[in-house]
Colleague: 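Quick one: the structure is below, questions incoming.
The structure displayed is predicted, hence computed values, not measured ones. The figures here come from the full heavy-atom set of this structure, side chains too, leaving out hydrogens, waters and symmetry mates.
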Amino acid sequence: MLAMLLPAQAIATTQAQGETAAPLLIQIPEGFTPPQAPPPSESAKVEPAKESCLPIEPGSADQRAGVAEICTSIVSAAPQASATKALRANEVQAEGGYCETSDPGTWHFKRLKYCLEEMTVEFTLRGEQDQVLGTANLYINTTAELNPRKGTWSESMKVEFDGSRDPKAAVQHLNVSADVSCDLNCETTQKSPWTGAKTLSNANDLAEGTVAYSDVPAVDEKDFTEIKYHLYITHTGSTPTKPNVEWTMPRYVRCNTHLTQTGNESTGCALPSITPPDMELPISTYGAAAVTYGFGQYALPDGWGYRKSMQRALNGKERREYTCGTKSTVKFVRKPDIVPKDSCDEYPFASTKQGGTDGALCAEITPLLEDDGKYQVYDSDPSRPVTFKEPCVRGHVHEDLNELAGTAYSNYIQDWRLMEDDSFWVSIPDFYEKVKTSEENGDGIAIVD
């Protein structure tokens, strides 16, 4: 357990200046509602594709039956499925669908996951006069999870058949094969989800399998990979030499490689267009460090990570020197008599584009845990009283808590594969539960709404 902080009375007089250190009271405006960060997911409707046709093979059974063309199209909204297909959909929903949603004809994206939910492919047999001789539907589902610590991932693919139940209908079965491709340095290590063509019918209506990818760029390089899908569909059993249905995943997969601090190569992949979930740093875990970050969010005008997203910077060590180190024009003076193992903790984080400000421009505070179990925030430098207009904050924080929060940030950027300039948000969920406000202490400075 961390060493206990001294009682609040210990900061009543700073030894360096011999002046009273005032408590900084944070007021919650009436009707205040925290702004919401963008949801860490996106959706996009399937782009429809007009009907395209391939001539039937000369001498085939279909040609002898009067079929001239095999035609396919992608529709953005799924048509009314048969009763059997609807029953199967309910069973799949109960088991847990590919996308964990119920929105057919839609792509769903998270930072480390993408899936296609029930894209409909319409299959049509046409005669010499362009008349419709038979139809069937194929329903396509795919799902993939990216690995933020590896340049490899797999994707599951499922194709379901829904044809006519009339025994005299022209389309009683279809033969389906599939493969995928990716560009740049990416390669498909398992190109097809199943071997050859699978015959699908109303009695055997499902083909399912897995494809796999690998993308390991050179050190300090990154790829934005496009993934394409191909279906080969026939009615009589032959396999076409080119796909008659093609589509593209509408987000790029970014894979990159960099050297870690220990000199090892680290490769991982993510969808860069999707912001990761908030980085949560509760005061119940990170103590005065999280109070410092919450003060920067709620009491200062920019509210980085709360009102506006922050962007990762790679040169955090150098930036920190300007806020807490030797390049600050006002040196950070430790107060071990008030905060055991005192250290400088800054917000915005030094390893963000918003961090690295001269410490002389920052509000300087000391969050202390009081007897009632709540933190009181004190003004730490009476020669530079807090104005609540500063662009940053320096907190006097127990070194162990500072390091604990730093580890959490390091894990977060690895878990979500954050590169330079990638945006993210920070949440201090229990700030108003754990920090004294003006409601308890009388009038105070209002936070910026």
Side-chain angles (χ1 to χ4, degrees), residues 1-12 14 21-26 28 34 278-300 303-306 310 316 320 323-324 332-352 355 359 362-381 386 390 392-413 424-441 444 447:
M1 183 175 177
L2 300 179
M4 293 295 292
L5 295 179
L6 298 180
Q9 292 88 336
I11 199 170
T14 58
L24 301 171
L25 304 181
I26 302 171
I28 307 175
D278 290 1
M279 180 186 179
E280 287 202 358
L281 295 169
I283 293 170
S284 58
T285 301
Y286 300 98
V291 176
T292 299
Y293 312 149
F295 184 90
Q297 291 188 335
Y298 293 111
L300 300 185
W304 291 113
Y306 167 71
M310 295 192 290
R320 181 172 162 79
T323 306
C324 287
F332 180 84
V333 179
R334 298 177 190 270
K335 299 181 177 181
D337 54 324
I338 298 170
V339 179
K341 296 181 69 174
D342 188 17
S343 68
C344 177
D345 204 354
E346 80 290 338
Y347 194 85
F349 303 136
S351 53
T352 65
C362 299
E364 189 156 334
I365 65 171
T366 301
L368 291 180
L369 183 62
E370 300 199 329
D371 292 339
D372 60 0
K374 289 195 170 187
Y375 280 86
Q376 179 72 68
V377 179
Y378 288 89
D379 196 334
S380 293
D381 187 352
V386 173
E390 293 85 356
C392 51
V393 58
R394 297 196 303 195
H396 289 260
V397 174
H398 193 291
E399 185 179 273
D400 292 354
L401 291 171
N402 195 341
E403 291 179 357
L404 186 66
T407 299
Y409 176 74
S410 178
N411 290 336
Y412 178 82
I413 63 176
F424 68 99
W425 301 78
V426 175
S427 172
I428 314 298
D430 54 355
F431 185 81
Y432 285 120
E433 175 189 345
K434 300 290 187 180
V435 178
K436 292 195 175 187
T437 66
S438 60
E439 291 182 354
E440 301 165 280
N441 295 294
I447 68 173

Colleague: Test of understanding: with ring-ring contact (aromatic ring centres under 6.0 Å, His included), list the residues that count as partners of Phe424, not counting sequence neighbours.
Modeller: Tyr409, Tyr412
Colleague: List in chain and number order the residues that pass side chain to side chain contact (heavy atoms under 4.5 Å, CB included) with Glu390, two or more places apart in sequence or in another chain; answer none if no residue qualifies.
Modeller: Leu300, Ala363, Val386, Thr387
Colleague: Would you please name every residue forming a salt bridge (charged side-chain N to carboxylate O under 4.0 Å, His left out) with Glu364, sequence neighbours left out?
Modeller: Arg384, Arg394
Colleague: Considering non-hydrogen atoms only, spot the tightest contact between Pro23 and Gln376 and give its length.
Modeller: CB-NE2, 3.6 Å
Colleague: As an exercise, state the distance from OH of Tyr347 to CE of Met310, rounded to the nearest 0.5 Å.
Modeller: 3.5 Å
Colleague: Run the ring-ring contact (aromatic ring centres under 6.0 Å, His included) test against Phe431 and tell me which residues pass, sequence neighbours left out.
Modeller: Tyr298
Colleague: Once you round to the nearest 0.5 Å, how far does CD of Glu403 lie from CG of Asp345?
Modeller: 10.5 Å
Colleague: With sequence neighbours excluded, what pairs up with Phe332 under the ring-ring contact (aromatic ring centres under 6.0 Å, His included) test?
Modeller: His396
Colleague: Please confirm whether the backbone N or O of Asp342 pairs with a side-chain atom of Arg334, one donor and one acceptor, at under 3.5 Å?
Modeller: yes
Colleague: Could you list the residues that satisfy side-chain hydrogen bond (donor to acceptor under 3.5 Å, both in side chains) with Ser343, not counting sequence neighbours?
Modeller: Asn402
Colleague: Looking only at non-hydrogen atoms, find the nearest pair between Pro340 and Ile338 and report the distance.
Modeller: CD-O, 3.7 Å
Colleague: Would you say Ser410's side chain and Gly406's backbone share a donor-acceptor pair under 3.5 angstrom?
Modeller: no
Colleague: Please report the interatomic distance OH(Tyr375) to CD(Glu370), rounded to the nearest 0.5 Å.
Modeller: 11.0 Å
Colleague: Tell me whether Thr366 contacts the main-chain N or O of Ser380 through its side chain, where contact means a donor paired with an acceptor under 3.5 Å.
Modeller: no
Colleague: Show the nearest heavy-atom pair for residues Met279 and Ala405, with the distance to one decimal.
Modeller: CE-O, 4.4 Å
Colleague: From Leu281 CG over to Leu404 CG, what is the distance, rounded to the nearest 0.5 angstrom?
Modeller: 9.0 Å
Colleague: Please report the interatomic distance OH(Tyr378) to CG(Leu24), rounded to the nearest 0.5 Å.
Modeller: 10.0 Å
Colleague: Take Tyr293 and Phe295, measure what ring pair (Phe, Tyr, Trp, His ring centres under 6.0 Å) needs, and give me the verdict at the end.
Modeller: CA-CA 5 Å; Tyr293 312 149; Phe295 184 90; over 10 Å; no
Colleague: Not counting sequence neighbours, which residues clear side-chain hydrogen bond (donor to acceptor under 3.5 Å, both in side chains) with Thr285? List them please.
Modeller: none
Colleague: How many angstroms lie between atom CG of Asp381 and atom NZ of Lys335, to the nearest 0.5 angstrom?
Modeller: 6.5 Å
Colleague: Applying side chain to side chain contact (heavy atoms under 4.5 Å, CB included), name anything that partners Asp430, two or more places apart in sequence or on another chain.
Modeller: Pro282, Ile283, Ser284, Ile428, Glu433, Lys434
